[in-house]
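Read through the structure below, which is laid out as structure tokens, and then see the notes.
Worth knowing before you read on, the calculation uses all heavy atoms, side chains too, and leaves out hydrogens, waters and symmetry mates. Given the structure is predicted, the values throughout are model-derived calculations rather than measurements.
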Protein chains: 2
Amino acid sequence: MLTTLKQHIEQLVPLTDAEFAQIASFFTEKKFKKHQFLIQEGEAAPYEFFVVKGLVKAYHTDTDGKTHILQFGQEQWWITDYQAFYSGATATLAIDCIEDTHVLCITRANRELLCANQRKMEQFYLKKSSFGYMALQRRILSLLTTNAKERYEQLLLQYPGLINRVPKTLIAAYLGLSRETLSRLS
Amino acid sequence: MLTTLKQHIEQLVPLTDAEFAQIASFFTEKKFKKHQFLIQEGEAAPYEFFVVKGLVKAYHTDTDGKTHILQFGQEQWWITDYQAFYSGATATLAIDCIEDTHVLCITRANRELLCANQRKMEQFYLKKSSFGYMALQRRILSLLTTNAKERYEQLLLQYPGLINRVPKTLIAAYLGLSRETLSRLS
DNA sequence: CCGCAGGTGTGATGCACATCACAGTAAAAT
DNA sequence: ATTTTACTGTGATGTGCATCACACCTGCGG
């Protein structure tokens with residue numbers, strides 16, 4: 001399902017078929033079942049993943065054993081433990097599948113080669129990264145300024161599809177609430 | 001003080017003097033006094049700023065009039081309302097000076113020209129943006145997982161210099177606490 | 001020299017949300 | 001079909017932090 005990737009990239013930079021064929025050659029496909037890990041805490045994170053189909057979560061488990069979700073990854077999202085991916089260190093995040101998931105994978109070395117060979121991809125990654133940065137800024141402001149109910153409502157507006165795909169427990173872990181509090185909101 | 005910028009860029013990509021001279025030509029210098037605004041909420045944000053000397057804060061004021069600090073900008077930090085800068089929309093963040101501040105400014109059009117002319121700068125911005133993304137992820141995790149005291153201690157470790165330069169009230173606004181709570185921590 | 005504003009500490013009180021505990025329903029596993 | 005495991009709701013209680021109120025101190029301008 002490389003066409004998904006092509007369409008995704010072309011939202012930001014136009015590509016010829018030849019260019020895309022070259023780009024595609026840097027990726028490998030993998031499929032994971034629900035509950036399987038893409039990345040485990042304490043292990044290496046050699047790949048950045050592009051989610052073609054399915055749904056994953058990236059999370060950290062704190063010293064009390066509570067999990068805090070940093071990011072969901074649904075169709076057309078990029079996800080990995082970037083800290084570990086870029087530095088080569090072991091992961092502090094875990095990423096596992098909420099649904100059966102189909103991803104495209106690229107290693108760091110291949111990503112660098114790809115950017116060197118295809119300037120358009122470097123431009124693409126810069127734009128993606130900038131948008132991602134702004135999205136995280138919005139989330140930080142949301143955490144700083146709003147209470148439980150408002151945060152939940154913002155999430156409903158921003159990702160209306162998510163709520164039907166992920167259990168409320170996980171929504172709570174993303175919003176920084178207990179599941180009981182979330183349950184009492186609506 | 002363009003040498004500061006050169007050194008800063010060279011931490012990520014090496015530059016010849018000629019290359020840097022070209023890069024420098026895209027920036028203009030400005031100086032601001034304490035309490036002056038680099039960007040005001042509701043106005044345009046035509047520049048990205050590189051702080052050569054001084055200290056600023058980027059913040060949002062909520063409906064109750066409380067301010068929430070998204071970012072401090074001290075020496076060698078880049079800062080603007082990126083949302084407004086990239087989109088051309090009016091700013092939802094304000095940025096003003098905590099100290100007299102000396103910045104280098106680049107417009108969006110110039111930044112794009114610069115990246116087009118100097119591939120190294122595109123690479124530089126991609127790296128910067130990636131690092132920034134990871135830093136924001138860490139801050140989100142910190143907001144999700146830690147209480148007031150731990151967040152404050154993390155801040156002390158991460159930016160030991162800040163505490164001597166900015167009033168505690170502002171530290172509290174950055175950490176998402178009331179000033180009274182922060183005052184009771186140590 | 002005095003008045004005033006900005007920054008800080010500290011008590012009293014209140015509230016949003018966490019935690020603990022239990023129950024019920026749905027879905028998956030055997 | 002039966003057990004087990006997720007997921008969700010809801011009461012009772014606890015607590016971290018906000019809010020309100022006030023006092024003190026320091027630096028600055030008139």
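The nearest whole Å value for the distance from the OH atom in B/Tyr152 to the P atom in D/dC17 is 15 Å. Atom CG of A/Leu182 is separated from atom P of D/dG9 by 8 Å (rounded to the nearest Å). The interatomic distance linking A/Ile171 (CD1) with D/dT8 (C1') rounds to 14 Å, in whole Å. Spacing between atom CG of A/Leu144 and atom P of D/dA18 amounts to 11 Å, rounded to whole angstrom units. What separates CZ of B/Arg151 from P of D/dG16 is a distance of 14 Å, to the nearest Å. The distance from atom NE2 of A/His35 to atom C1' of D/dT5 is 10 Å, rounded to the nearest whole Å. A straight line from CG of A/Leu185 to C1' of D/dT10 spans 14 Å, rounded to a whole angstrom. In this entry the distance linking CG of A/Leu175 with P of C/dA18 reads 10 Å, nearest Å.
Taking only side-chain nitrogens and oxygens, B/Thr169 comes nearer than 4.0 Å to OP1 or OP2 of C/dT8.
Counting only distance, with no hydrogens or angles, the side chain of A/Lys120 and the backbone of A/Val13 share no donor-acceptor pair below 3.5 Å.
Rounded to 10 degrees, the angle between the two end axes of the helix from C/dC1-D/dG30 to C/dT30-D/dA1 is 40°, with five pairs used at each end.
A/Trp78 pairs in a ring-ring contact (aromatic ring centres under 6.0 Å, His included) with only one of the listed residues (A/Phe85, A/Tyr47, A/Tyr125), which is A/Tyr125.
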(request) Show your working on ring pair (Phe, Tyr, Trp, His ring centres under 6.0 Å) between B/Phe50 and B/His102 and close with a plain yes or no. (result) CA-CA 9 Å; B/Phe50 174 76; B/His102 178 182; 9.9 Å; no
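Here the CG-CG distance, from A/Leu185 to A/Leu156, works out to 9.5 Å after rounding to the nearest 0.5 Å.
Remark: the A/Asp62 side chain and the A/His68 side chain contain an N/O donor-acceptor pair separated by less than 3.5 Å. Checking A/Arg111 against A/Tyr86 by side-chain atom types alone, a donor-acceptor pair falls below 3.5 Å. Residues A/Tyr82 and A/Glu48 bring a donor and an acceptor atom of their side chains to less than 3.5 Å of each other.
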Donor-acceptor contacts under 3.5 Å from residues 168-181 of chain B side chains, at least two apart:
residue: B/Ser178; atom: OG; partner: B/Thr181; partner atom: N; Å: 3.2
residue: B/Ser178; atom: OG; partner: B/Thr181; partner atom: OG1; Å: 3.0

Show the distances under 3.5 angstrom between N or O atoms of the protein and N or O atoms of nucleotides 19-24 of chain D.
residue: D/dT19; atom: O4; partner: B/Arg184; partner atom: NH2; Å: 3.0
residue: D/dC20; atom: N4; partner: B/Glu180; partner atom: OE2; Å: 3.2

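Both the sub-6.0 Å distance and the 45° axial angle are satisfied by B/Lys57 relative to the ring of B/Tyr59.
When distances are taken from the side chain of B/Leu177 to each of D/dA18, D/dT8, C/dT8, the shortest belongs to D/dA18.
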